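Please read these numbers as outputs of a predicted model, since none were measured by experiment. Chain A is the first sequence line, chain B the second, and so forth, proteins listed ahead of strands; every chain is numbered from 1. Every heavy atom of this structure was used, including side-chain atoms; hydrogens, water molecules and symmetry mates were not.
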Amino acid sequence: EGDSQTMKKAMAVAQHHDAVSGTEKQHVANDYAKRLANGWQHCQVLVSNSLAALSGSSAERIYCDNLNISVCPLTESSKKFSVNVYNPLARPVTWPVRLPVNGTAYAVSDASGKSVDCQVVPVSTATWALRRNRGSAVRELVFQVQAPPLGFTHYTVSLLQDEHPPPRVEH
Amino acid sequence: RPPTAIQNKFLRVTFDPDTGLLSSLSNLETKQTIKLTQNFFWYNASDGNNSRSNQPSGAYIFRPNSSTPFTISKTAKTETIQTSVVQEVRQWFAPWVSQVVRLYADSRALELEWTVGPLPIDDDLGKEVITRLDTSIKTSQYFYTDSNGREVLQRRTDYRPTWHLKQSEPVAGNYYPINSRAFIKDDEDQLTVVTDRSQGGGSIYNGSLEIMLHRRLLYDDVRGVGEPLNESSDIYPDGLVVRGRLLLSLDRPPSAADAHRPLAQEVVLQPLLTFTDGDLH
């Protein structure tokens, strides 16, 4: 059972104490981070439940919290996966998506099955250094998604060409 | 050598082939161009051992010991990727500073994705790393920041609107909070920078806009924390690494808000991605 109350409380503590300004001792900063991470875990369940109810699909949803450093065990190892995009804005948005992958060519299609232009680019050396052995993606799959106002859509990604077999990664 | 330029339908960005740094930004729709140089610098943090004041730079107090920051590198090693979806120029300034200048095919904003850290402190100098955008815009000592994500306020060098200011801190005294955006403008051009997090920023020179990216300090600022701002973690035992994004938009001043308001909305309320393995039923 998910909830947003845990995150709400963690945010309240963080904001009351100016938690993001660095004006607390390190062990206190660690505690704020732990509370916020725990809050987000509870929110993930809540979001999954909501999207399952709205979409009618109870398939397990995976969250990738480290996409900014090109880490996502699912996209790095899967030959076929779907990307669900929820747009919290009250207007349609077009948004670039970058997913860590190991294949060299992929096909991306939108919810209606229409093909979407996508490209595979190498992961930068700065990102390699930054992620410190977390994740193994050597490339990123880049494409634009379009999401409806206050709603969601999905894109299907299929591996077309695999230069090297993807390494085994436990989700 | 870096490419001379990357461009899409809306923007054209040029690079200096000798330095690898940005050299200009053009809005192809409004047919406006500005000179734009961007680089990374660090201020040496005051250790409090100063004849004028014993206040060290710390978590609460930004106080460089000199108004002139050190240049991290005058040139950048570059690598270019050009595809139909995205064009990137990857710039490497130092082992602890790199950046990707990114232009998506359908975007009206230029993305600067910066990565800074771990800041070296083996020279026993606290460091406050900034990026500075130097432009041809005639700012006449004015720049603008949002104070609370809603109202954008005019800031003027060495001036406060409600009292007579005797400026004692030429850099820190002209720094202001940026919660989602800052801009500089003249009659013709407005360069708006949308940030992905709250940061500090200032316009110390006419035509320039600088933004604080990362800090690593060796002394407590004696404001109650009792620890210097010097964070590390299990993954980054030699100091934190920070990665963030700046989105640049160049427009005519009367219509600039039409671009930066939706842009900032999209940064603050980003789409949420979830994934499902295999076929979606």
Report yes if the side chains of B:L273 and A:N84 come closer than 4.5 Å at any heavy-atom pair, otherwise no.
-> no
B:V86 portion near chain A, given a 4.5 angstrom heavy-atom threshold | side chain
Among the options A:P88, A:S48, A:A147, A:C72, pick out the one with the most heavy-atom pairs lying under 4.5 Å from chain B.
-> A:P88
Rounded to the nearest 0.5 Å, the CG atom of B:D279 sits from the CZ atom of A:F81 at a distance of 12.5 Å
Taking only residues two or more places apart in sequence or in another chain, which ones pass salt bridge (Lys or Arg N to Asp or Glu O under 4.0 Å) with A:E60?
-> none
Could you check which of B:E113, B:E79, B:R223, B:E231 has the highest count of heavy-atom pairs closer than 4.5 Å to chain A?
-> B:E231
Could you look at B:P262 and say if it's the side chain, the backbone, both or neither that has a heavy atom under 4.5 Å from chain A?
-> both
Return the option, out of A:V83, A:N87, A:L67, with the maximum number of heavy-atom pairs under 4.5 Å with chain B.
-> A:V83
Which region of A:V47, side chain (C-beta onward) or backbone (N, CA, C, O), has a non-hydrogen atom less than 4.5 Å from a non-hydrogen atom of chain B, or is it both or neither?
-> side chain
More than 12 heavy atoms from other groups under 6.0 Å of CE on B:M212 = yes
Note: A:S78 and B:G278 closest approach over all heavy atoms is OG-N, 4.4 Å
Which atoms of B:S84 come close to chain A, meaning under 4.5 Å heavy atom to heavy atom: side chain ones, backbone ones, both, or neither?
-> both
If you check every heavy atom in residues 106-130 of chain A against those of chain B, which residues fall under 4.5 Å?
-> A:D117, A:C118, A:Q119, A:V121, A:P122, A:V123, A:S124, A:A126, A:T127, A:L130
Heavy-atom proximity to chain A below 4.5 Å, by part of B:L269 = both
B:L229 portion near chain A, given a 4.5 angstrom heavy-atom threshold = side chain
Point-to-point distance, once rounded to the nearest 0.5 Å, from CG of B:D277 to CZ of A:R61 | 13.0 Å
To the nearest 0.5 Å, atom NE2 of A:H154 lies from atom OG1 of B:T276 at 9.0 Å
Smallest separation among heavy atoms of A:K25 and B:V225, with atom names = NZ-O, 2.9 Å
Interatomic distance, A:N68 atom CG to B:T115 atom OG1 [nearest 0.5 angstrom] = 9.0 Å
Ion pair check, A:R98 and B:E88, cut-off under 4.0 Å = yes
Looking only at heavy atoms, what is the nearest atom pair of B:P271 and A:V85, with distance?
-> CB-CG1, 3.7 Å
Heavy atoms, side chains only, cut-off 4.5 Å: are B:F275 and A:S82 in contact?
-> no
Do any N or O atoms from the side chain of B:E227 and from the backbone of A:Q26 form a donor-acceptor pair under 3.5 angstrom?
-> yes
Considering only heavy atoms and a distance below 4.5 Å, find which of A:P96, A:G22, A:A29 pairs most often with chain B.
-> A:P96
A:L89 versus B:E266: any side-chain heavy-atom pair under 4.5 Å?
-> yes
Which one of A:R134, A:Q44, A:Q144 has the most heavy-atom pairs closer than 4.5 Å to chain B?
-> A:R134
Measure distances from A:F143 to the heavy atoms of chain B and classify the residue's part below 4.5 Å as side chain, backbone, both or neither.
-> backbone
Heavy-atom distances under 4.5 Å only: say whether B:T274 touches chain A with side chain, backbone, both or neither.
-> both
Atom CZ of B:R197 with >12 non-hydrogen neighbours under 6.0 angstrom = yes
Toward chain A, the part of B:R245 with a non-hydrogen atom under 4.5 Å = side chain
